2 protein chains.
Amino acid sequence: MQGEPGWELYRTFLEVVRDGSLSGAARKLSLTQPTVGRHVDALEASLGLSLFSRSPQGLKPTPAALELVSYAETMAAASAALRRTASGGAKADRGTVRVTASEMIGCEVLPPLLASFRDSHPGITLELALNNRNEDLLRRDADIAVRMVRPRQKSLVARRVGKSAIGFYAHRNYAEKYGLPKQIADFEKHCLIGFDRDDLALRSLGKLPGLVTRDNFGFRCDSDLAQFSALKAGVGIGGCQHNIARRFPELVPVLAKAIRFELEVWVAMHEDMRSTGRVRLLFDHLAAGLSAFVRGVGAGG
Amino acid sequence: MQGEPGWELYRTFLEVVRDGSLSGAARKLSLTQPTVGRHVDALEASLGLSLFSRSPQGLKPTPAALELVSYAETMAAASAALRRTASGGAKADRGTVRVTASEMIGCEVLPPLLASFRDSHPGITLELALNNRNEDLLRRDADIAVRMVRPRQKSLVARRVGKSAIGFYAHRNYAEKYGLPKQIADFEKHCLIGFDRDDLALRSLGKLPGLVTRDNFGFRCDSDLAQFSALKAGVGIGGCQHNIARRFPELVPVLAKAIRFELEVWVAMHEDMRSTGRVRLLFDHLAAGLSAFVRGVGAGG
DNA sequence: TCCATGATATACATTTTTGTATGATGCAGG
DNA sequence: CCTGCATCATACAAAAATGTATATCATGGA
């Protein structure tokens, strides 16, 4: 319970929590297991509490330790952001930019946009973090976010690039085998593809037909990309953005007239990034490219 | 431009920026000047850019270095928050809680509340950070904030404890010497006490009489507490919360009928803190005590 | 049951980091 | 102009952190 622990100890601590073992953390940190063990000992001594219950199977964090994890993660995110900012020095066309988006956007929409950006700015390294968490920008887990909901935080610069319409689709093999619903009530006889536990994703879609609920999903998965793969494999009927689905001729629209909803598409970055050349460059490029995407032109369409 | 710099280097870097010299930073960090110098060298080598221009008068950060400061500050705030959370272990009535408020609230209103809290919970250490920045909670610079504006961030738990009415006052010596204005137009002949550069503070007061602008202030200071001291010293006419001013019999109200405005009083904490016993204890205590304060009872009234 | 595997803990050698002492330089004041 | 005091830079010794090698224990599969 003495002076402030070295910040190194926090880094080690975080990695041990993530990894669940001293040995594993040591490998990732390019240290050795005894060193990592000593770091944990030192941090426990310094904070005056027990952080892990040790066992031959690994280290299990105590409840007290779990409370501290988010702070260590904040430090890690800030450290990574600092390094990105430092990369490339002052020059606008060098360095690293980190983008976050959903898996679907990241795999189906962004790649051609990022490719053309790299063509124009070969000195800029791109990082792509695919997930559905919305707090990434505040914590500086990423420099730019492409999201389907309006960012609420005040310190973000957000631009709405348009709306992307969504409809239901099925693979043509599925349609041949099982037929297609003529009306929404027919959904009960079909296999719907939808989210598993991520009801936030479901709710963010806004109003859906009554039958489109978790109970009626015959295939559930929280990865929108895996849902799309299942759709393409003929598992069942699932939602998809029109501008993506149209690239796959084997996908046939389902009840296109009856069901139609839209998601807004937003690009956002942290306020402080406005003056960082390379981030601004990519921000504008993505805004333009996504705008073309939602209008149905370009982006591989 | 090699691997990730040790987090220790960031801590040293931040202290060198704040201090402007290797020697000064060394003193604060309980290191020595050569060590601090080596840390800076190592960080520059690792990031691949020049961070300071060295001189016998100290080190001046380069523009590139200044871009990185906020990230290092985020790390420092997270580190401090981690240590506060770790303090006291799991027990609700031990550990450290950090409160932020304006100087005025912190000096005139909170002390008796904090005193009674300490009486009930002697095991809890209190920290008080007085300033007018509103982002403190998000960055975890503090655990609880007492503010006069509604916190906007989604991840905060905020409670409005009431409204505090404000009016103009002057010291009775001033009134004897210069008389008191009979109407707002008379303000021109008097010395008004107000903010210097902090127009945010001024604007947050809402609608003010037309003559209460920076140009008409005969005494300008961004510290509300120093303004209050000037008011008590008879410098001029200034605004003050009624519930504070009434404790000082030598202060006489000015145009109390004609001018009256109110500020909301809010207590806020980070969502994650709700489950941290000691923070919750103080949050509730402050909410109750401030509620009594705005109603004009207790708090030394 | 026995062995292979992967985990943590400990003992000792090595490397790295830090501190001490000193020198060089620039500014402020008499 | 010189002196006092602050700064940063450098050389060498001491201390601390790290790595290597090994022991010990638990688990899972043949």
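Just so it is clear: chains get the letters A, B, ... in the order the sequence lines come, proteins before strands, and each one is counted from 1. Since the model is a prediction, treat every value here as computed from it, not as a measurement.
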query = Of B:Leu59 and A:His39, whose nearest nucleotide on DNA chain D comes first from the 5' end?
reply = B:Leu59
query = Looking at CG of B:Leu82 and OG of B:Ser87, how far apart are the two atoms once the value is rounded to the nearest 0.5 Å?
reply = 10.0 Å
request  = Report yes if at least one side-chain N or O of A:Arg54 is closer than 4.0 Å to OP1 or OP2 of C:dA7; otherwise report no.
outcome  = no
ask   = Under 4.0 angstrom, heavy atoms only, what part of the nucleic acid is A:Gly58 near: base, sugar-phosphate, or nothing?
value = sugar-phosphate
inquiry  = Nearest to the side chain of A:Arg38, heavy atoms from C-beta on, is which of D:dG19, C:dT8, D:dT7?
reply    = D:dG19
request  = Describe the nucleic acid contact of A:Ser30 in one word from base, sugar-phosphate, nothing, applying a heavy-atom distance below 4.0 Å.
outcome  = sugar-phosphate
note = Out of C:dT20, D:dA21, C:dA7, minimum distance to the side chain of A:Arg27 belongs to C:dA7
inquiry  = Test your reading of the model: is there a side-chain donor-acceptor pair from A:Ser23 to the backbone of A:Gln33, 3.5 Å cut-off?
reply    = no
query = Hey, which of these two, B:Leu31 or A:Gly24, hits DNA chain C nearer its 5' end, going by closest nucleotide?
reply = A:Gly24
request  = For the pair B:Thr62 (side chain) and B:Ala65 (backbone), establish whether a donor and an acceptor sit closer than 3.5 Å, ignoring hydrogens and angles.
outcome  = yes
request  = Please tell me which of the listed nucleotides, D:dC8, C:dA21, D:dG19, lies nearest to the side chain of A:Thr35?
outcome  = D:dG19
ask   = Which residue, A:Thr32 or B:Leu22, contacts DNA chain D at a nucleotide closer to its 5' end, judged by nearest heavy atom?
value = B:Leu22
query = Does a side-chain N-to-carboxylate-O contact under 4.0 Å join A:Arg84 and A:Asp143?
reply = yes
query = How long is the line joining CG of B:Leu9 and P of C:dT16, in whole Å?
reply = 16 Å
task = Return the value, rounded to whole Å, for the distance between atom NZ of B:Lys60 and atom P of D:dT7.
result = 18 Å
ask   = Closer than 4.0 Å, any side-chain N/O of A:Ser23 to the OP1 or OP2 of C:dT8?
value = yes
ask   = Given atom CD of A:Glu44 and atom P of C:dT8, what is their separation to the nearest angstrom?
value = 13 Å
query = Could you give the CD-to-C1' distance, from A:Glu8 to C:dT16, as a whole number of Å?
reply = 13 Å
message = Could you go through A:Glu44 and A:Arg54, starting from their C-alpha distance and side-chain angles, then the distance that decides it, and tell me whether this counts as salt bridge (Lys or Arg N to Asp or Glu O under 4.0 Å)?
response = CA-CA 13 Å; A:Glu44 286 183 325; A:Arg54 289 112 188 279; 3.4 Å; yes
Rounded interatomic separation in angstrom, taking CG from B:Asp41 and P from C:dT17 = 12 Å
request  = Select base, sugar-phosphate, or nothing to describe what B:Ser21 touches, counting heavy atoms under 4.0 Å on all strands.
outcome  = sugar-phosphate
key: Nucleotide nearest B:Gln33 when distance is taken to its side chain, options D:dT18, D:dC8, D:dT7   = D:dC8
